[in-house]
Amino acid sequence: MLNILIFAGLAEAVGASMVRLETELPATVADAKRAFAAAYPAAADRLASCFAAINQEYAGDEAIIHPGDEVAFLPPVSGG
């Protein structure tokens with residue numbers, strides 16, 4: 001089981017600020033994104049532009065998520 005914190009428009013599309021996914025760990029960020037897109041297809045298009053963070057550090061799609069890690073998907077932020 002994997003808990004993922006989500007923010008801004010991605011959270012609005014899902015209707016929650018955290019989701020739980022049935023995913024075997026360890027897994028890559030790419031695996032988590034695929035599981036998220038499958039569970040929430042209406043939000044999948046927004047996920048493509050999101051950054052991932054593991055334990056509050058940005059992580060690429062190849063980064064490994066271990067049990068107990070804090071994972072977040074963060075949409076890009078714009079403004080002045």
Side-chain angles (χ1 to χ4, degrees):
M1 189 65 69
L2 174 61
N3 295 327
I4 300 177
L5 303 172
I6 53 176
F7 298 91
L10 190 60
E12 290 172 16
V14 171
S17 60
M18 188 206 49
V19 296
R20 297 187 79 166
L21 301 175
E22 295 275 339
T23 301
E24 296 274 333
L25 296 177
T28 65
V29 168
D31 294 332
K33 285 182 175 180
R34 279 191 292 277
F36 182 94
Y40 301 96
D45 61 327
R46 293 177 188 238
L47 184 62
S49 64
C50 288
F51 298 99
I54 300 173
N55 299 324
Q56 301 180 5
E57 292 191 21
Y58 285 113
D61 283 349
E62 71 289 343
I64 303 295
I65 302 167
H66 298 280
D69 283 347
E70 177 186 80
V71 179
F73 291 155
L74 306 129
V77 178
S78 64

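Only this structure's heavy atoms are used, side chains among them; waters, hydrogens and symmetry mates stay out. What you are looking at is a predicted structure, and each value in this text was computed from that prediction instead of being measured.
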Atom CD1 of Ile54 and atom CG of Asp69: how far apart are they, to the nearest 0.5 Å? 6.0 Å

Separation between CG of Leu21 and CD1 of Ile4, rounded to the nearest 0.5 Å: 4.5 Å

Supply the members, apart from Met1, of the Ile/Leu/Val/Met/Phe/Trp/Tyr cluster built from side-chain contacts under 4.5 Å; use none for a lone residue. none

Connected via hydrophobic side-chain network under 4.5 Å: Val71 and Tyr58: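 Each belongs to a different hydrophobic cluster.
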
For Leu2 and Phe36, what are the C-alpha separation, side-chain angles and deciding distance, and is it a side-chain contact (heavy atoms from CB on, under 4.5 Å)? CA-CA 10 Å; Leu2 174 61; Phe36 182 94; over 6 Å; no

Is any side-chain heavy atom of Phe73 closer than 4.5 Å to one of Phe51?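 No - every pair of side-chain heavy atoms lies 4.5 Å or more apart.
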
Any side chain to side chain donor-acceptor pair (under 3.5 Å) involving residues 9-23? Give me the pairs, sequence neighbours left out, ordered by first then second residue.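 Checked against side chain to side chain donor-acceptor pair (under 3.5 Å) - neighbours excluded - the pairs reaching residues 9-23 are Asn3-Arg20.
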
Side chain to side chain donor-acceptor pair (under 3.5 Å) contacts touching residues 29-50 (sequence neighbours left out): Thr28-Asp31, Asp31-Arg34, Lys33-Asp61

Who are the side chain to side chain contact (heavy atoms under 4.5 Å, CB included) partners of Phe7, not counting sequence neighbours?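 Partners of Phe7 by the side chain to side chain contact (heavy atoms under 4.5 Å, CB included) criterion, ordered by chain and then number, come out as Leu5, Ala72, Leu74, Pro75.
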
